Enquirer: 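If you scroll down you'll find the structure; I have some questions about it.
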There are 2 protein chains.
Amino acid sequence: MNAEELLSQAKESCKKRGARFTLAREQVFKLLTRHSGAVGAYDLLDELKLIDPAAKPATIYRALDFLNKQGFVHKIESLNSFVMCHHFSECNHPVQLLICDTCGHVEEIQSSNLDLALRSMADATGFTISHQIVEAHGACQTCS
Amino acid sequence: MNAEELLSQAKESCKKRGARFTLAREQVFKLLTRHSGAVGAYDLLDELKLIDPAAKPATIYRALDFLNKQGFVHKIESLNSFVMCHHFSECNHPVQLLICDTCGHVEEIQSSNLDLALRSMADATGFTISHQIVEAHGACQTCS
DNA sequence: CGAGTAATGTTATAAAGTAAACGCTGAAAA
DNA sequence: TTTTCAGCGTTTACTTTATAACATTACTCG
């Protein structure tokens, strides 16, 4: 899906939910669509400063926080960085990422088997999952 | 498994592998066995300073790095913290954690279905996994 | 022993993330 | 229309997490 489609889809979502897709949020959203891999908050901040020299860490983190809550962006815990989600229309899907350590590309997969396996194991021990993190590091097809 | 058993097992492992289980590493290991949940590096550092007032961040991070490489300790990426592994005799097992956000307890599970589901999904896209992170947050049996 | 490697000590700093106080703004109610 | 107020943004300062660089010490093996 291309950048414009994503953007209009995001605007649509926000309108439906009564969430405000403000300028700051849109700018960060757009910056994120330019990357196919993980981007650090401070890298993003540097990019944002080119447009808005007054931007500060809080600017980025607030925007990322919002975009994350809306499901537009995922945080990659193992890299302390962020990645655009290309499936945010499917609400609240579990996040499963394949991260290439060579080229940096991040592929989001959707395996219900994986989700099921985790849930059933949790159930078996009486654990209730509220949020799951699945991140696989390695080499993508073109890099291996 | 109790603290002494873990400790002797760790010493054993190191001897076999020709790795040096030095004093600093043993001290950090022991501190970790006292916790049933995640511990931050700097919390651990504060504890270590009671024994060794000269300890510095590098002291802890080096010890953690070693213990992690030996498989004695896992890093919890989503909490930037660390947890003792109770199954390190089973070498190189994939790490799958259930993290209770209420009481802080961390349970390590072993689901080969989960591992399989992830690997097969990766295979399908030509991705080779070198390291995987699976962390589920939520509420444990006693807290829910 | 002595050479080479592994570990530690020490200092400084980078990178990532948060807090708190305050100001602005624009849409809804009076 | 004007008031009001919640949400958003700005700013400053700070905390937490992690690493780099380089000197020194300790261990191991020939």
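Bear in mind that the values here come from a model prediction, so they are computed numbers and not experimental data. Proteins come first, then strands; the chains are lettered A, B, ... in the order of their sequence lines, and each starts at number 1. Atoms considered below: every heavy atom in the structure, side chains included; atoms not considered: hydrogens, waters and symmetry mates.
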Enquirer: On DNA chain D, check which nucleotide each of A:P57 and B:S81 is closest to and give me the residue with the more 5' one.
Expert: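 This one resolves to A:P57.
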Enquirer: For the helix from C:dC1-D:dG30 to C:dA30-D:dT1, how many degrees between its two end axes (five pairs per end), to the nearest 10°?
Expert: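 Here the helix ends are tilted 30° relative to one another.
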Enquirer: So what does B:R25 hit on the nucleic acid, given a heavy-atom distance under 4.0 Å: a base, only sugar-phosphate, or nothing?
Expert: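 Here B:R25 touches the backbone only, sparing every base.
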Enquirer: Using 4.0 Å as the upper bound for N to carboxylate O, is an ion pair formed by B:E26 and B:K30?
Expert: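 A salt bridge is present here (some side-chain N lies under 4.0 Å from a carboxylate O).
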Enquirer: Could you tell me if B:H105 and B:S36 have a donor-acceptor pair between their side chains, going purely by distance under 3.5 Å?
Expert: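 Yes.
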Enquirer: Rounded to whole Å, how long is the line connecting atom OH of A:Y42 with atom P of C:dT13?
Expert: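 Atom-to-atom, A:Y42 to C:dT13, this comes out as 18 Å.
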Enquirer: Quickly, which of A:R34, A:Q27, A:H35 forms a side chain to side chain donor-acceptor pair (under 3.5 Å) with A:E47? Name it, please.
Expert: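 For A:E47, the side chain to side chain donor-acceptor pair (under 3.5 Å) check succeeds only for A:H35.
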Enquirer: Checking A:T142 now: which residues fulfil side-chain contact (heavy atoms from CB on, under 4.5 Å) with it, not counting sequence neighbours?
Expert: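 With neighbours one apart ignored, the set is A:C140.
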Enquirer: Phosphate oxygens OP1/OP2 of C:dG9: is one of them under 4.0 Å from a side-chain N or O of B:K56?
Expert: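 No, no such contact exists.
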Enquirer: Ignoring backbone atoms, establish whether B:K75 has a side-chain N or O less than 4.0 Å from OP1 or OP2 of D:dA18.
Expert: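 Result: yes.
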Enquirer: Report the distance from atom CD1 of A:I60 to atom P of C:dA15, rounded to the nearest whole Å.
Expert: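 The answer, rounded to whole Å, is 16 Å.
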Enquirer: Does a nitrogen or oxygen in the side chain of B:T59 sit under 4.0 Å from OP1 or OP2 of C:dT8?
Expert: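 No.
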Enquirer: Rounded to the nearest 0.5 Å, what separates atom CG in A:N113 from atom CG in B:N113?
Expert: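 Reported to 0.5 Å precision, the distance equals 8.5 Å.
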Enquirer: Just the rounded figure in Å: distance from C1' of D:dA18 to CG of B:N68.
Expert: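 The answer, rounded to whole Å, is 14 Å.
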Enquirer: Judged by each residue's nearest nucleotide on DNA chain D, which is more toward the 5′ side, B:R62 or B:L79?
Expert: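 Counting from the 5' end, the first nearest nucleotide belongs to B:L79.
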Enquirer: Select base, sugar-phosphate, or nothing to describe what B:R20 touches, counting heavy atoms under 4.0 Å on all strands.
Expert: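 Since only primed, P, OP1 and OP2 atoms lie under 4.0 Å of B:R20, the category is sugar-phosphate.
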Enquirer: Is a donor-acceptor pair below 3.5 Å formed from side chain B:Y61 to base D:dA20, judging by atom type as modelled?
Expert: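 There is none.
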Enquirer: Between C:dA16 atom C1' and A:D65 atom CG, what is the distance in whole Å?
Expert: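 The answer, rounded to whole Å, is 14 Å.
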Enquirer: Take atom CD of B:E77 and atom P of C:dA16, then tell me their distance rounded to the nearest Å.
Expert: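 In whole Å, C:dA16 P lies 13 Å from B:E77 CD.
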Enquirer: Using the closest heavy atom to pick a nucleotide of DNA chain C for each, name whichever of B:D52 or B:N80 lands nearer the 5' end.
Expert: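 By nearest-heavy-atom nucleotide position, the 5'-most residue is B:D52.
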Enquirer: Applying a 4.0 Å non-hydrogen cut-off, can you work out what B:A24 is touching in the nucleic acid: base, sugar-phosphate, or nothing?
Expert: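 Answer is sugar-phosphate: B:A24 comes under 4.0 Å of backbone atoms only.
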Enquirer: What's the CZ-P distance between B:F21 and D:dT28, to the nearest Å?
Expert: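 Going from B:F21 (CZ) to D:dT28 (P), I get 15 Å.
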Enquirer: What residue pairs, at least two apart or across chains, pass salt bridge (Lys or Arg N to Asp or Glu O under 4.0 Å) with a residue in residues 111-133 of chain B?
Expert: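 Sorted pair list: B:D115-B:R119.
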Enquirer: Whole angstroms only, please: what is the CD-C1' distance between B:E26 and C:dA7?
Expert: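 Answer to the nearest Å: 16 Å.
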Enquirer: Ring centres of B:H74 and B:H93 under 6.0 Å apart?
Expert: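 Between B:H74 and B:H93, the centre distance is under 6.0 Å.
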Enquirer: I need the CG-P distance between A:D46 and C:dA15, as an integer number of Å.
Expert: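 These atoms are roughly 10 Å apart.
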Enquirer: Once you measure the plane-to-plane angle for A:F21 and A:F66, does it fall in the parallel (<30°), tilted (30-60°) or perpendicular (>60°) bin?
Expert: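 Ring orientation, 0 to 90° scale: tilted.
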Enquirer: By nearest atom, which of the nucleotides C:dT10, D:dC8, D:dT11 is closest to the A:T22 side chain?
Expert: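 Selected nucleotide (nearest to the side chain): D:dC8.
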